[in-house]
Structures are given as C-alpha cells and as structure tokens.
Undergrad: 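My structure is below; once you've seen it, I'll send some questions.
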Amino acid sequence: MTRGERAYYQQRAPEYDDFYLGTGQFAARERPGWHQELEALQSLVSSIRAEAVLDVACGTGFLTRHLRGRVMGVDQSRAMLNIARSRLRRGAVAQADAFCLPFRSGAFDCLVAGHFYGHLTEPERARFLVEARRVAARLLIIDAALRDGVAPEQVQQRVLNDGSQHAVYKRYFTAEQLARELGSGAVLYGGHWFVAVMA
Ligand SMILES: C[S@@+](CC[C@H](N)C(=O)[O-])C[C@H]1O[C@@H](n2cnc3c(N)ncnc32)[C@H](O)[C@@H]1O
C-alpha cells in the first residue's frame, strides 16, 4: 500500500466498521446476503484452532475479536489500533509494518490477514507472503470476492464522511484464484461477498 493509502486508513478508522455493519455510507448499498455471509465468516474465524495467532493489518479488530488462542493484532494505524484495543477482551495489539513484522521466525501457529492482501500489488503480495510465512506456519487470507461484472484489478476513488477523496488499489480474487496464488491453499469459504483460504 502507498503512503497515501495508509493515511486513508488512519483517517477512515472511526467510520471503518460501517463497511461491515451496513451503516453510514454503506446503508445505501444493496448487498443481498451480506449479513449472513458475515456471520459465516465470523464463525469461520472463531473455528480456527491455533495456540498463537497473529492478525496482520487487524484494523478495528472487527474480525480479530473472534479469534481464539493467544491473539496478537498489528496494524500500521494508531487510530485503528485504539479501536481494536478497546474491542479485544483477550489479546494484545501493537503498531507494526506487515512487511517487517517484529516477531521471531515461527512465532505463530497461524497468521490471519483480512481485507489486506487484496490491497497489495503483485510484487507487494509476493513480499508479504515471504514475511508472513517467516513468522507463521499457516496463513488464513480473507478478502472480498471477485463478483460478476467487477474488474479484478482497479484503483477505486473512495470518499470519506468528510468528503475527502482517496485513490485505493484493489485486487479481487475468486476463492479458487486466491488458493492458486497462495499455492496449495484450501478454500475455507467461497461466498458471493467474501473468500477465505488457508495456505
Ligand atoms: C481494509 S483494512 C482491513 C482491516 C481488517 N483486517 C479487516 O478485515 O477489517 C486494511 C488495513 O491495513 C492496514 N495497513 C495498511 N498497510 C499496512 C502495513 N504496511 N502494515 C500494517 N498494516 C497496514 C491499514 O491501516 C488498515 O487497517
């Protein structure tokens, strides 16, 4: 992600959960089946068995709070982390860069990244996977699903509640495409809105 995109997430933190909850700007969006899929995704996250789990780019902790085990959430944005910290009953959060994680090799059984991988360009995705695999034995990548009529790769013009505009790179995958890219990945969820692959 570019510096501008990272600043966008810092600014977006207080309104980020509108995306999940269908509130604020997202109230006007037609998203049939969204809430059912989100429930299924949350159940999937809570079903992951691992002693030590790292959620990279955890944002507000909306998904992180469903993880079990010893949970650590990291993000580059302090505003995101403040929300995540207040939300997580168990677990800790810390500011860190996803490409240079401050953990020893093999420190985690599982690394989770929700709606982060699909914001990385191809070279960034390759670089992230090397770092992710250094610290964790398994990776759970969750992202937005590629849907009919949606361009797989795009730069979106996003608007925040204050009217500010931000260019954000987005790459959408079907569950199978994501599993292929991750290499020997198992599709754990392939919905209309979300995909989740364990690799
Ligand atoms: C779309 S949000 C996803 C938040 C959360 N994982 C979720 O599933 O809702 C992307 C997150 O990536 C974080 N981020 C972007 N670049 C990062 C980096 N290099 N290191 C750590 N976090 C980063 C942003 O601050 C933001 O919280």
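Every number for a ligand or one of its atoms is a count from 1 in the order of the listing. Quick note: residue numbers are just sequence positions, from 1.
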Undergrad: Please find out if less than 6.0 Å separates the ring center of W34 from that of F26.
TA: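 Here the rings of F26 and W34 have centres that are no less than 6.0 Å from each other.
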
Undergrad: Side chain, backbone, both or neither: which applies to M1 and ligand 1 if a contact is any heavy-atom pair less than 4.0 Å apart?
TA: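 It is the side chain that touches ligand 1; the backbone stays farther off.
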
Undergrad: For ligand 1, indicate whether the residue L63 contacts it via side chain, backbone, both or neither (heavy-atom separation under 4.0 Å).
TA: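 For L63, the contact with ligand 1 is made by the side chain alone.
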
Undergrad: Find all atoms of ligand 1 within a distance of less than 4.0 Å from any non-hydrogen atom belonging to A96, and give their numbers and elements.
TA: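 Heavy-atom distances to A96 below 4.0 Å select 20 (N), 21 (C).
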
Undergrad: Against ligand 1, does F116 come closer than 4.0 Å with any heavy atom?
TA: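 Per 4.0 Å heavy-atom rule, F116 contacts ligand 1.
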
Undergrad: For ligand 1, is Y16 a contact, meaning one of its heavy atoms is under 4.0 Å away?
TA: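 Yes, Y16 has heavy atoms under 4.0 Å from ligand 1.
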
Undergrad: Between the side chains of Y169 and E153, does any donor sit under 3.5 Å from an acceptor?
TA: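 A pair is found: one side chain offers a donor N or O, the other an acceptor, under 3.5 Å apart.
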
Undergrad: Could you please spell out the steps behind the side chain to side chain contact (heavy atoms under 4.5 Å, CB included) verdict for R70 and E51?
TA: CA-CA 6 Å; R70 210 156 10 91; E51 236 173 74; 4.3 Å; yes

Undergrad: If you measure from each non-hydrogen atom of Y20 to ligand 1, which part falls under 4.0 Å: side chain, backbone, both or neither?
TA: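 Near ligand 1, Y20 shows its side chain, while the N, CA, C and O stay back.
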
Undergrad: Does R6 make a cation-pi contact with Y8, if we ask for NZ or CZ under 6.0 Å from the ring centre and within 45° of the axis?
TA: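 The answer is no; the distance or angle limit is not met.
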
Undergrad: Between H119 and F128, is the gap from one ring center to the other below 6.0 Å?
TA: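 Not close enough - the centres of the two rings lie 6.0 Å or further apart.
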
Undergrad: Look only at interatomic distance and state if D55 has a nitrogen or oxygen under 3.5 Å from any nitrogen or oxygen of ligand 1.
TA: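 Not met; the criterion fails.
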
Undergrad: Nearest protein heavy atom to atom 20 (N) of ligand 1, by residue and atom, and its distance?
TA: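 I find the closest protein heavy atom is A98 N, 2.9 Å.
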
Undergrad: Give me the residue, atom name and distance of the protein heavy atom closest to atom 19 (N) of ligand 1.
TA: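 The closest one turns out to be D97 OD1, 2.9 Å.
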
Undergrad: Please could you name the atoms of ligand 1 that S77 approaches to less than 4.0 Å, counting only its heavy atoms?
TA: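 Matching atoms, with element in brackets: 25 (O).
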
Undergrad: Just do the ring pair (Phe, Tyr, Trp, His ring centres under 6.0 Å) check on F194 and Y189 with the steps written out, would you?
TA: CA-CA 7 Å; F194 304 111; Y189 192 80; 7.2 Å; no

Undergrad: Got the closest protein heavy atom to atom 10 (C) of ligand 1, with its distance?
TA: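 The closest heavy atom on the protein side is H115 O, 3.7 Å.
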
Undergrad: Nearest protein heavy-atom contact for atom 12 (O) of ligand 1: which residue, which atom, what distance?
TA: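 Going atom by atom, the protein heavy atom closest to atom 12 (O) of ligand 1 ends up being A57 CB, 3.3 Å.
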
Undergrad: Do we see a donor-acceptor contact under 3.5 Å between the side chains of D97 and Q76?
TA: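 No, because no side-chain N or O of D97 sits under 3.5 Å from a partner of the opposite role on Q76.
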
Undergrad: Enumerate the ring pair (Phe, Tyr, Trp, His ring centres under 6.0 Å) contacts for residues 57-102, please, sequence neighbours excluded, ordered by first and then second residue.
TA: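 Sorted pair list: Y20-F62.
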
Undergrad: Starting from atom 25 (O) of ligand 1, locate the nearest protein heavy atom and write down its residue, its atom name and how far away it is, to 0.1 Å.
TA: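 For atom 25 (O) of ligand 1, the nearest protein heavy atom comes out as D75 OD1, 2.6 Å.
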
Undergrad: Return a yes/no value for V74: is any of its N or O atoms, backbone included, closer than 3.5 angstrom to an N or O of ligand 1?
TA: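 No; the residue has no nitrogen or oxygen that sits under 3.5 Å from a nitrogen or oxygen of the ligand.
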
Undergrad: Does Q76, backbone or side chain, put an N or O under 3.5 Å from an N or O of ligand 1?
TA: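 Between Q76 and ligand 1 (N or O atoms, distance only) the closest approach is under 3.5 Å.
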
Undergrad: Identify every side-chain donor-acceptor pair in residues 180-188 under 3.5 Å, counting partners at least two apart or on other chains, and give the distances.
TA:
residue: E181; atom: OE1; partner: R125; partner atom: NH2; Å: 3.4
residue: E181; atom: OE2; partner: Y117; partner atom: OH; Å: 2.6
residue: E181; atom: OE2; partner: R125; partner atom: NE; Å: 2.7

Undergrad: To the nearest 0.5 Å, what is the distance between CG on L54 and CG on D109?
TA: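 If we round to the nearest 0.5 Å, L54:CG and D109:CG are 11.0 Å apart.
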
Undergrad: Could you list the atoms of ligand 1 found under 4.0 angstrom from a heavy atom of R6?
TA: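 Those of ligand 1 that fall under 4.0 Å from R6 are 16 (N).
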
Undergrad: Does a side chain donor of either R78 or Q95 reach within less than 3.5 Å of an acceptor in the other side chain?
TA: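 There is such a pair (donor and acceptor under 3.5 Å, judged by atom type) between the side chains of R78 and Q95.
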
Undergrad: Decide whether the shortest distance between a heavy atom of A113 and an atom of ligand 1 is less than 4.0 Å.
TA: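 Outside the 4.0 Å threshold, so no.
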
